There are 2 protein chains.
Amino acid sequence: MCSISPDAHIELGENRIASGGDVCRVCSGAQNSNPARSKSEKEQESMRISEVGEFGLIARIDKGCVNDPSTVVRGIGDDAAVLTVSPGRKLLVCSDMLVEDVHFMRGVAPWTCVGYKAVAVNLSDIAAMGAEPTSCVVSIALPPSATVDSVDGIYAGMKYLLAKYGVNLVGGDIVESSIFAIDVTMLGEASEEEIKYRDGARPGDVLMVTGDLGASAAGLQLLKSGLDCRAWTADSIPSIEEPIEPEDHRTAVIRAHFLPVPRMRESRALAELGTGSVTAMIDVSDGLASEIGHLCDQSGTGAWIAADAVPISEPTRAVAREAGLDPLNWALFGGEDYELLFTVSRGCVGEVVEAFAAAGLSGVAAIGEVTEPSLGRWVVMPGGRRMELTPGGYAHFREGSR
Amino acid sequence: MCSISPDAHIELGENRIASGGDVCRVCSGAQNSNPARSKSEKEQESMRISEVGEFGLIARIDKGCVNDPSTVVRGIGDDAAVLTVSPGRKLLVCSDMLVEDVHFMRGVAPWTCVGYKAVAVNLSDIAAMGAEPTSCVVSIALPPSATVDSVDGIYAGMKYLLAKYGVNLVGGDIVESSIFAIDVTMLGEASEEEIKYRDGARPGDVLMVTGDLGASAAGLQLLKSGLDCRAWTADSIPSIEEPIEPEDHRTAVIRAHFLPVPRMRESRALAELGTGSVTAMIDVSDGLASEIGHLCDQSGTGAWIAADAVPISEPTRAVAREAGLDPLNWALFGGEDYELLFTVSRGCVGEVVEAFAAAGLSGVAAIGEVTEPSLGRWVVMPGGRRMELTPGGYAHFREGSR
């Protein structure tokens, strides 16, 4: 009925204690792995949420939520969290929700990866502004029939990434639902001159992108094909700290899909370059074509990119070869790469490359140029042929390739 | 699959324009009611979300989101919103999610009321801290088969209440889902000495509560009974500015259930009383018994309340009489009243009553006293009989009365 029933509406405010969860290897770095756990703990994990009850469930969440106590006056435990914001800094806030059967499938995505990704996509949004994440609140909707270890896994994945970047989990809501849904609201801070908007690109600026593109779409392609997926989707995804063997290109793209790395350090390096160097920034969540469209729309410009310059990793190319597909399509239209796309004043490209190299950061590539709006948006193919770039695809590739 | 598909994941960032929605009378004060709307507008409203598409949908949301531009550096339109926080003030943040079939039923709760309530419960949390709400982000999950007017209605209800209290909607997320879910994250501000926590109650303090209790549960009872509900649930709930005739007790409790009034002005009056007067505060979302339990748990105290002193409105009593039920049960265990429960130093009760009277605020009642923890939690019934108070009910009333 039209009521918030007490059982269906559990504020994190009531948390008190917590116990560890059974987690996959992605979080093994941050979690205690104790093979000698008692039988009763094991039994508890396979219990349904409806059996554990309100307080049993929230008691599992509270531990390890505060990674930077200096900004938290009051975290979980009251009607609202109370935080400090550094004097003279701006407050940033963004929100991204993941929903079962739309953003992940029960039984395909490991729970730790679902939690990890719910946080990662929000960190990426803060990174795309040139800001530093500080705290988050998490609202989670859970079916009463779900097991306790699904909740443990989701929060373990979230906490792994929050701890990595010193971000606090300070509150939220837990509600009953027929499906899983996780909504993370991330707060961040930045000084005014560090913040990078989408609307600052100017004709003549150079388009640059961090890391490589298309790997997440390649991973999704493997999952969709159903080919040999179980090997990577159960508990066997290598920790993001673990190197992947060169020949294991499938594992590499599956990991890119399940465990995208938000570009926090790269964002910091760009924010610290000083005003005037980086003129606009956005993260690549819907594919390069879509993000270029947003930058151009909001900056009032056109742009071209060189197909050859778009960074695509060897594992992504290998998966594309096996599937008989063009990996450029994944880079342009796949999305979920969570790399940073940004525009740089023409004279400052060297400065960016040097800053990245000096800090030992992931690769950075110049892929094109911002133009006058009348010139439109184009991909220049090898050999010089120009294809018009639209978020949904471009004419040549549209047929049969997605 | 395990992907955020571009179509399923629409950030509010892409909003540009907006048009009005068809709203029920609750929002008539804040919305333009235009009986001469064109047929094409009407057709558009009954269109399904899947037909309108990403940009058509978000274009309807953007208008009227910023009610206090002074704190918004950048609202909807980028990877994250950028806000200012007043120097020396603390930042407050809370989150509450409403889910279809758990917190509201499609076809029973008018959409404007669903949106209104999603904001109201969060404003109430900020009020319970003695803080002032400033901005919010909204994540909403929508079935593609839903009609556009459902979205218009939800946002109209939210914006009505946000405008009333000068709160900004600065961002969020729109995702595809099999069911409706709305998660609001509310930000607020307060100076350190204004903030009221749950853990400050001390033995000897007086327990006080704003307004009256049990009306929302009475309304829910009417909805559950199925008796004559359509008259109140379609588009006919009187605006919260409209007086209700004394004999219309059913409308009064239905309105209390669908359109709870967050006690923002009362919170302000209490916050301004100065430190030491109000020692602890919480909002009544799960029933008086549950909230007294939270205050006592966190403050390390006991408490008693006088059953006769619990404020219950005449409409609530009338509905209880018709149903043959005791309205005290609704007040103690019903919840969703969103009144403020607070504890006051013994010498300061007069100060509170005077401040409320001077500001023309809703009623305030002293209902009991905070005690040493060893004395437990009790309701003193008329005649002096004492019943132990637990969040789930107390022995005498537990049988057959819920």
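Note on naming: letters A, B, ... go to the chains in the order of the sequence lines (proteins, then strands), and numbering restarts at 1 for each one. Quick caveat, the model's predicted, so the values are computed rather than measured.
The part of B/Met281 that comes within reach of chain A is its backbone (N, CA, C, O), which places non-hydrogen atoms under 4.5 angstrom from that chain. Both the backbone and the side chain of B/Ser139 come within contact range of chain A, judged by heavy atoms closer than 4.5 Å. Both the backbone and the side chain of B/Val93 come within less than 4.5 Å of a heavy atom of chain A. Heavy-atom distances place the side chain of B/Val137, and not its backbone, under 4.5 Å from chain A. Of the two parts of B/Ile195, only the side chain, counted from C-beta on, holds a non-hydrogen atom closer than 4.5 Å to a non-hydrogen atom of chain A.
Ranked by non-hydrogen atom pairs under 4.5 Å with chain A, the options B/Thr71, B/Ile140, B/Leu83 are led by B/Leu83. For the set B/Val82, B/Val99, B/Val73, the count of heavy-atom pairs under 4.5 angstrom toward chain A peaks at B/Val82. In terms of non-hydrogen atom pairs under 4.5 Å with chain A, the most contact-rich of B/Cys94, B/Ala81, B/Gly335 is B/Ala81.
In this structure, A/Ile49 and A/Pro144 have side chains that are not in contact, with every pair of non-hydrogen atoms separated by 4.5 Å or more. The closest side-chain heavy-atom distance from A/Met97 to B/Met97 is below 4.5 Å.
In this structure, A/Glu336 contributes its side chain and A/Ala217 its backbone to no donor-acceptor pair below 3.5 Å.
Ring geometry for B/Trp111 against B/Phe180 counts as tilted: the plane angle lies between 30° and 60°, on a 0 to 90° scale.
For A/Ser178, the side-chain contact (heavy atoms from CB on, under 4.5 Å) criterion is met by B/Ile179, not counting sequence neighbours. Scanning for salt bridge (Lys or Arg N to Asp or Glu O under 4.0 Å) contacts around B/Glu100 gives B/Arg106, with sequence neighbours left out.
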